Amino acid sequence: MPSPVTLPRLSWGDAHSDRQALLVHGVGSSGALMWRYAVALADAGWRVDAVDLRGHGTAPRTLDYTIEAYATDLLRTAPVGAASWDLVLGHSLGGAAATLAAASAPAWTRHLVLVDPAIHLVDADREAVRASQEQAFADTSEAAVRAAHPEWLDLDIELKAVAAAQASRFAVEQTGEQNTPWDVREAASRLSMPTHVIGGDPAVYSIFTGPLADEVLRNPVVTMSVVPGTGHSPHRDAPDASAQALLDAVDTWGLRP
């Protein structure tokens, strides 16, 4: 098993809430960029923690950037004063790592939300991710982020620029190289807790669609919704609609504090 690192956290909401959620970002991103989901849950009465993954944000740097290593860190990330998270939400790489963690240790979380999760990346998806990260590292300024994503909120543009500047290029590159093939479908088939996928719109761009989505959805605990008009990061393309998709899942599970 990979040796774990301790992940730094940001927290929102009532520190004494009886509901606790963990938010996990994608490659090249940071915990701060999960703010829209965090605010939605905090306003609904939750305590919410978001982490920086190894090699990202202010988290420790290391040599191992396998999905297993990311999952090991998550399994060592526990809620305050409780044995299990009530909810874990993971985006992209965070979704893959959370899937592997939850399948390996079902008591880690009672519910799971996966946002356009990187469950299985084919060559075209891997190339799209590589090109996107190269563009992000080439110019980490807010102006560059705004030019690439003019529809994003100013706050997301600001935070994405900071995340790109903070992330280790080595970590991001190794995440691609060390996970060949990139495939946690078997872990997804073993998920035993209620799981909801918030997908990007395939008409725009999504890495969780078609036969892959059909395969994962054969697990009876997994459901899915799509945020129309969004790409791989629904929470930045349509923040309010994405937050509502999360709250709808929470309501379906009867998880309001």
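In this text, all values refer to a predicted model and were calculated from it rather than measured experimentally. Computation of the quantities below employed the complete heavy-atom set of this structure, encompassing side-chain atoms and omitting hydrogens, waters and symmetry-equivalent molecules.
Between the side chain of R54 and the backbone N or O of A59, no donor-acceptor pair lies under 3.5 Å. Checked by atom type and distance alone, the side chain of T109 never pairs as donor or acceptor with a backbone atom of L112 at under 3.5 Å. Remark: side-chain polar atoms of S242 are paired, donor with acceptor, to backbone N or O of P234 under 3.5 angstrom. With hydrogens and angles ignored, the 3.5 Å screen pairs a side-chain donor or acceptor of S17 with a backbone N or O of G45. Side-chain N or O atoms of D116 include none that pairs as donor or acceptor with a backbone N or O of S206 at under 3.5 Å. With hydrogens and angles disregarded, a donor-acceptor distance shorter than 3.5 Å links the side chain of T99 to the backbone of G95. No donor-acceptor pair closer than 3.5 Å links the side chain of D86 to the backbone N or O of A21. Side chain of Q178 to backbone of Y65: a donor-acceptor contact under 3.5 angstrom is found. Put simply, the side chain of Q20 gets close to the backbone of V80: a donor and an acceptor are under 3.5 Å apart. The backbone N or O of S189 sits less than 3.5 Å from a side-chain atom of N219, completing a donor-acceptor pair.
Side-chain contact check for E151 versus H149: some heavy-atom pair is nearer than 4.5 Å. Taking 4.5 Å as the limit, every side-chain heavy atom of P79 sits out of range of all side-chain heavy atoms of L22. Side-chain contact check for L153 versus P239: some heavy-atom pair is nearer than 4.5 Å. Here the side chains of M193 and H111 are not in contact, with every heavy-atom distance at 4.5 Å or above. L114 is listed as a side-chain neighbour of T195, based on a closest heavy-atom distance under 4.5 Å. Side-chain atoms of L33 and R236, non-hydrogen and from C-beta on, do get closer than 4.5 Å to each other. Side-chain contact between P60 and T6 is absent, with no heavy-atom pair separated by less than 4.5 Å. The shortest distance between side-chain heavy atoms of T66 and T175 does not fall below 4.5 Å.
Few gaps surround CG on L217; more than 12 heavy atoms of other groups in view lie less than 6.0 Å from it. Within a 6.0 Å radius of CG in D123, other residues, nucleotides and ligands contribute 12 heavy atoms or fewer. Within a 6.0 Å sphere centred on CZ of R76, heavy atoms belonging to other residues, nucleotides or ligands number 12 at most. Within a 6.0 Å radius of CD in Q135, no more than 12 heavy atoms belonging to other residues, nucleotides or ligands are found.
A distance of 12.5 Å separates CZ in R169 from CD in Q174, rounded to the nearest 0.5 Å. The structure places CD1 of I119 at 10.5 Å from CZ of R185, a figure rounded to the nearest 0.5 Å. Note that OG of S132 and CD of E127 are 11.0 Å apart. Values are rounded to the nearest 0.5 Å. Here the CZ-OG distance, from R190 to S104, works out to 5.5 Å after rounding to the nearest 0.5 Å. With rounding to the nearest 0.5 Å, the separation of NZ in K160 from OG1 in T140 is 11.5 Å. Atom CG of L23 sits about 8.5 Å away from atom CH2 of W85, to the nearest 0.5 Å.
Across every non-hydrogen atom of H120 and D125, the tightest pair is O-OD2, 4.4 Å. Contact record, L93 with V27: CB-N, 3.8 Å, taken as the closest heavy-atom pair. When all heavy atoms of L191 and A103 are compared, the pair lying nearest together is CD2-N, 3.9 Å. What you find for V172 and H56 is that their closest heavy atoms are CG2-NE2, 4.0 Å. When all heavy atoms of A105 and L75 are compared, the closest pair comes out as CB-CD2, 3.8 Å. Closest of all the heavy-atom pairs between W182 and A96 is NE1-CB, 4.2 Å.
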Verdict with supporting geometry, V24 and L89, side-chain contact (heavy atoms from CB on, under 4.5 Å): CA-CA 6 Å; V24 189; L89 178 149; over 6 Å; no
Stepwise, does the side-chain contact (heavy atoms from CB on, under 4.5 Å) test hold for L87 with W253? CA-CA 11 Å; L87 170 68; W253 294 329; 4.0 Å; yes
Could you go through L53 and D73, starting from their C-alpha distance and side-chain angles, then the distance that decides it, and tell me whether this counts as side-chain contact (heavy atoms from CB on, under 4.5 Å)? CA-CA 8 Å; L53 292 172; D73 297 341; 5.9 Å; no
Take L41 and W12 through the side-chain contact (heavy atoms from CB on, under 4.5 Å) test and state the conclusion after the steps. CA-CA 9 Å; L41 289 173; W12 291 258; over 6 Å; no
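V51 and L10 fall into different hydrophobic clusters, where Ile, Leu, Val, Met, Phe, Trp and Tyr side chains are chained together by heavy-atom contacts under 4.5 Å. At a threshold of 4.5 Å between side-chain heavy atoms, the hydrophobic network of Ile, Leu, Val, Met, Phe, Trp and Tyr places V227 and Y37 in one connected group. The hydrophobic cluster containing V113 does not contain V184, counting ILVMFWY residues as joined when their side-chain heavy atoms lie under 4.5 angstrom apart, directly or transitively. Residues L255 and V221 fall into different hydrophobic clusters, defined by Ile, Leu, Val, Met, Phe, Trp and Tyr side chains chained together at heavy-atom separations under 4.5 Å. W108 and V48 are not part of a single hydrophobic cluster, where members link through side-chain heavy atoms under 4.5 Å apart.
A donor and an acceptor atom, one from each side chain of D240 and Q244, are nowhere located under 3.5 Å apart. Remark: the R9 side chain and the T77 side chain contain no N/O donor-acceptor pair separated by less than 3.5 Å. Between D156 and W35, the side chains place a donor N or O and an acceptor N or O closer than 3.5 Å (distance only, hydrogens not considered). Donor-acceptor pairing under 3.5 Å is recorded for the side chains of H196 and T223. A donor atom on one side chain and an acceptor atom on the other are not found under 3.5 Å apart for D64 and Y70. For the 3.5 Å distance criterion, the side chains of D201 and T230 fail to qualify, holding no donor opposite an acceptor.
In this structure, the side-chain contact (heavy atoms from CB on, under 4.5 Å) partners of S11, at least two apart in sequence or on a different chain, are R47, D49.
As a member of the Ile/Leu/Val/Met/Phe/Trp/Tyr network built from side-chain separations under 4.5 Å, I157 groups with V145, W152.
In this structure, H91 has its ring center closer than 6.0 angstrom to the ring center of H232.
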